[in-house]
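Each chain gets a letter, A, B and so on, in the order the sequences are listed, and its residues count up from 1.
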2 protein chains.
Amino acid sequence: MATIRDVAKLAGVSVATVSRVLNKTGYVNVETGRKVEKAIQQLQYEPNSVARGLAGKRTSTIAFILPDITNPFFSEMARGVEDKARELGYTVILCNSDDQGQKEKTYIEVLKKKYIDGIIIASQTLSSEDIQKMQQDQIPLVVMDRAPENQHCSVIRCNNYMGAKEAVAHLVEQGCCKIGHIYGPQELITARERMLAYEESVQGFSWYSPSLMEPGYFQLNGGQEAVKELLRRHPDIDGIFVGNDLMAIGVLKGLNQLGRRVPEDVAVCGFDGIALASMTIPELTTVAQPIYEMGELAALTLTQQIESTKPLPSVFELEPIFIERSSTRREPLA
Amino acid sequence: MATIRDVAKLAGVSVATVSRVLNKTGYVNVETGRKVEKAIQQLQYEPNSVARGLAGKRTSTIAFILPDITNPFFSEMARGVEDKARELGYTVILCNSDDQGQKEKTYIEVLKKKYIDGIIIASQTLSSEDIQKMQQDQIPLVVMDRAPENQHCSVIRCNNYMGAKEAVAHLVEQGCCKIGHIYGPQELITARERMLAYEESVQGFSWYSPSLMEPGYFQLNGGQEAVKELLRRHPDIDGIFVGNDLMAIGVLKGLNQLGRRVPEDVAVCGFDGIALASMTIPELTTVAQPIYEMGELAALTLTQQIESTKPLPSVFELEPIFIERSSTRREPLA
DNA sequence: CTGAAAGCGCTTACAG
DNA sequence: CTGAAAGCGCTTACAG
């Protein structure tokens with residue numbers, strides 16, 4: 001492969017000049033520029049990114065740390081990140097953390113050594129101190145689904161609380177007389193917010209009891225198992241607000257196994273709006289986050305932080321959209 | 001951050017020596033080694049990967065080019081790739097190609113400039129010439145789901161033909177009297193092999209006609225739409241072998257919308273064995289590939305190629321496993 | 001507007 | 001077993 005030196009020689013200029021036309025930085029005579037361009041063409045020259053990285057401290061590479069790419073929510077988000085990053089000239093490194101702090105930290109060390117330009121974190125176990133520490137290292141950061149108080153980096157999130165309120169209100173409107181909730185891991189702020197909204201929405205009702213809430217892991221089986229436990233305790237439940245779509249799909253399965261019809265016997269509402277939710281039988285009512293767009297926005301925000309002289313952390317709170325489908329569509333009770 | 005120079009100074013040796021203990025290469029006196037280790041500890045020294053890459057031509061980074069990370073089949077595979085790569089000390093760059101040759105080529109150019117150590121390609125549009133060209137660039141390569149004739153690189157694949165045969169045989173055994181097939185894009189060898197197996201399995205039957213085959217894109221909607229067309233032409237179909245699970249999930253949906261019961265009216269069998277297939281209603285019978293393991297194997301094979309002096313391309317053909325579930329379980333006809 | 005030179009932080013023959 | 005030196009291929013002040 002040709003180097004910048006070869007180009008300089010062929011064009012009869014110095015490597016500095018070639019570097020200038022390559023990076024469109026500083027002044028360069030139009031005529032000289034043309035000569036250099038021509039030499040680049042002739043030699044099929046492609047600048048070496050690694051050398052560039054070492055000399056310039058920039059690698060045009062970002063990392064996306066997420067719990068598990070196998071989770072459709074995160075793969076949709078990853079697609080958004082990757083598409084936007086590529087559009088902007090960045091390459092993205094994929095890091096599965098399984099929400100384990102240790103894996104995240106190990107990754108961050110590796111990434112720093114690689115002169116990664118910035119990191120998007122959609123994993124929740126990193127403490128505020130960890131994040132502050134990264135700030136000291138000057139490494140641009142965007143976190144997903146964090147509380148906005150965190151002023152050390154940009155955050156992109158959804159209004160989980162309002163979305164969940166809407167979901168529960170909808171179940172009430174549909175005539176549900178005893179609504180349960182299956183919530184995700186309470187280390188996740190998103191899970192906490194959704195649960196809080198549920199509690200505040202239903203605690204005024206006479207039928208309410210804390211035992212209507214059941215924990216579940218944010219996975220397919222999580223929902224399937226949790227719903228069985230929930231119905232064992234409260235066989236008369238006729239509506240369930242589930243903490244995320246993946247669990248909700250498991251809930252549909254669990255209810256089916258228990259012989260309950262959805263929505264006739266039990267109405268089910270999820271959260272997230274993953275693509276799959278429109279393919280279940282029955283189709284899943286859900287609170288849809290703009291998942292792909294959140295990924296795109298994260299990539300855009302991060303690169304802006306990278307490329308601007310002064311990092312300007314900002315908070316984006318997006319609004320989810322309630323989507324009514326057949327898993328909750330029932331005739332009003334007589 | 002401390003550099004190798006700082007370590008050398010503190011330990012009272014040359015940078016060459018530090019480099020030797022870092023890389024465990026060449027001889028180094030035990031005592032000297034200890035001094036160096038101590039200096040490294042004291043300074044919290046971490047070698048700079050970029051400098052290392054430039055000097056040594058190795059970056060401990062590989063790339064995984066796939067059609068779309070949003071497809072559960074590929075996200076499971078990506079998880080396998082990433083887990084194994086990390087275990088082996090590599091980092092992985094994610095590249096979505098949408099099966100567009102242009103995107104793949106652009107990516108490959110970018111990756112070469114980044115001194116990527118090797119590439120795993122699970123995308124099918126790259127021609128044999130393209131692959132050969134990469135071979136000339138000395139870049140280690142592993143391709144997924146290619147025909148084994150390709151001797152320029154390692155290939156990892158599944159016995160699609162046998163798996164599909166088994167699927168169709170099972171439908172026949174279940175008493176299906178008219179079996180249709182929804183096939184994926186014929187540019188994909190996997191789709192072709194599965195279709196071929198279907199044809200060869202059924203063409204001896206009196207009910208067979210080529211119009212029992214219907215094309216569909218390897219996506220949820222693909223199956224949903226294709227099954228409607230298929231049943232319009234052949235309302236009496238009572239079994240369908242679907243080219244992959246994602247389409248099969250769409251088929252379940254489509255049949256439900258048409259008011260056909262699965263498996264009572266129509267038995268449905270998919271292919272791939274994605275996690276979701278066990279969560280559908282009814283659960284999907286499928287031919288399961290060891291998806292995660294294929295990803296792991298790809299990463300392992302690639303790194304072996306990278307680290308061994310002479311690349312030893314090899315072909316792995318794995319056997320799929322037939323999994324019978326309720327989407328095909330019917331009482332034999334009287 | 002352009003060039004010479006230092007420097008980014010390592011690795012790798014080559015001497016000794 | 002160890003060190004001096006060249007080199008990887010760029011970028012970036014600094015002069016001019």
Side-chain angles (χ1 to χ4, degrees), chain A residues 1-37 39-40 43-61 89 110 112-117 138 306-307 309, chain B residues 1-37 39-40 43-61 109-110 112-117 138 306-307 309:
Chain A
M1 281 225 265
T3 72
I4 195 172
R5 187 159 252 121
D6 301 324
V7 175
K9 196 174 297 174
L10 181 58
V13 300
S14 73
V15 298
T17 302
V18 178
S19 178
R20 279 190 206 98
V21 344
L22 244 30
N23 299 300
K24 306 193 199 320
T25 174
Y27 296 90
V28 51
N29 180 33
V30 187
E31 190 53 33
T32 321
R34 258 199 282 274
K35 279 195 297 188
V36 174
E37 298 286 14
I40 290 175
L43 295 171
Q44 296 267 57
Y45 169 70
E46 300 272 7
N48 176 318
S49 307
V50 180
R52 225 173 200 179
L54 183 58
K57 271 23 181 181
R58 291 262 303 276
T59 54
S60 297
T61 304
V110 171
K112 280 203 300 204
K113 291 198 265 180
K114 294 206 174 202
Y115 279 2
I116 235 67
D117 290 341
Q138 300 272 36
I306 292 168
E307 290 166 14
T309 38
Chain B
M1 283 227 265
T3 72
I4 196 173
R5 185 159 254 122
D6 300 325
V7 175
K9 198 175 297 172
L10 181 58
V13 300
S14 72
V15 298
T17 301
V18 178
S19 178
R20 278 190 206 97
V21 346
L22 245 30
N23 299 300
K24 308 195 199 316
T25 173
Y27 295 89
V28 50
N29 179 33
V30 187
E31 190 54 32
T32 320
R34 260 198 281 274
K35 280 195 298 187
V36 173
E37 298 286 13
I40 290 175
L43 295 170
Q44 297 266 57
Y45 169 69
E46 301 273 8
N48 177 320
S49 308
V50 179
R52 226 172 200 181
L54 183 57
K57 265 41 182 170
R58 291 264 304 276
T59 55
S60 297
T61 304
E109 285 311 310
V110 171
K112 281 200 301 200
K113 290 197 266 181
K114 294 206 173 199
Y115 279 1
I116 235 66
D117 290 341
Q138 300 272 35
I306 292 167
E307 290 166 15
T309 38

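For B:Ser19, the listed nucleotide lying nearest its side chain is C:dT11; candidates were D:dG9, C:dT11, D:dT12. For B:Asn29, whose side chain is taken as the heavy atoms from C-beta onward, the closest listed nucleotide among D:dG3, C:dT11, D:dT2 is D:dT2. The nucleotide whose nearest atom lies closest to any side-chain atom of A:Ala55 is, among C:dC1, D:dG3, D:dT11, D:dT11. If you check C:dT11, C:dA4, D:dC10 against the side chain of A:Ala16, the one that comes closest is C:dA4.
You'll find the side chain of B:Ile4 reaches within 4.5 Å of the side chain of B:Leu22, heavy atoms only. Side-chain contact between A:Val13 and A:Val18 is present, with heavy atoms from C-beta onward closer than 4.5 Å. Between B:Arg52 and B:Asn23, some side-chain heavy-atom pair lies under the 4.5 Å cut-off.
For B:Arg34 and B:Glu31, the salt-bridge test passes: some basic side-chain N is under 4.0 Å from an acidic carboxylate O.
Rounded to whole angstrom, the span from the CZ atom of B:Arg52 across to the C1' atom of D:dG7 amounts to 17 Å. Per the geometry, CD1 belonging to B:Ile4 stands 16 Å off C1' belonging to C:dG7, to the nearest Å. Here the P atom of nucleotide C:dG7 and the CG atom of B:Leu54 are 17 Å apart, to the nearest Å. As rounded to whole Å, 7 Å separates atom C1' of C:dG3 from atom CZ of A:Arg20. Taking atom CG of residue B:Leu22 and atom C1' of nucleotide C:dT12, one finds them 14 Å apart after rounding to whole Å. The NZ-P distance, from B:Lys57 to D:dG7, rounds to 13 Å in whole Å. Rounded to whole angstrom, the span from the NZ atom of A:Lys9 across to the P atom of C:dG3 amounts to 15 Å. One can place CZ of B:Arg58 at 15 Å from C1' of D:dC8, the figure rounded to the nearest angstrom.
Phosphate proximity of C:dC10 to A:Tyr115: absent, as no side-chain N or O sits under 4.0 Å from OP1 or OP2. Contact annotation: B:Thr17 side-chain N/O to D:dG3 OP1/OP2 distance is under 4.0 Å. When the side-chain nitrogen and oxygen atoms of B:Asn23 are compared with OP1 and OP2 of C:dT11, one or more of them lie within a distance under 4.0 Å.
Residue contacts for B:Val50: at a heavy-atom cut-off of 4.0 Å it reaches no nucleic acid atom on any strand shown. Within 4.0 Å of B:Ser49, counting heavy atoms only, lies no atom of the nucleic acid at all. Across all strands shown, A:Thr3 has heavy atoms under 4.0 Å from sugar-phosphate atoms exclusively, and none from any base.
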Run the numbers on A:Arg58 and A:Tyr115 for side chain to side chain contact (heavy atoms under 4.5 Å, CB included), then give the verdict.
CA-CA 7 Å; A:Arg58 291 262 303 276; A:Tyr115 279 2; over 6 Å; no
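Applying the Watson-Crick and G-U wobble criteria (two distances, each under 3.5 Å), C:dA4 pairs with nothing in any strand. Partner assigned to D:dA13 is none, using Watson-Crick or G-U wobble distances below 3.5 angstrom.
No hydrogens or angles considered: a donor-acceptor pair under 3.5 Å links the side chains of B:Lys114 and A:Thr61.
Each of B:Ala51 and B:Thr32 has a nearest nucleotide on DNA chain D; the 5'-most of these lies closest to B:Thr32.
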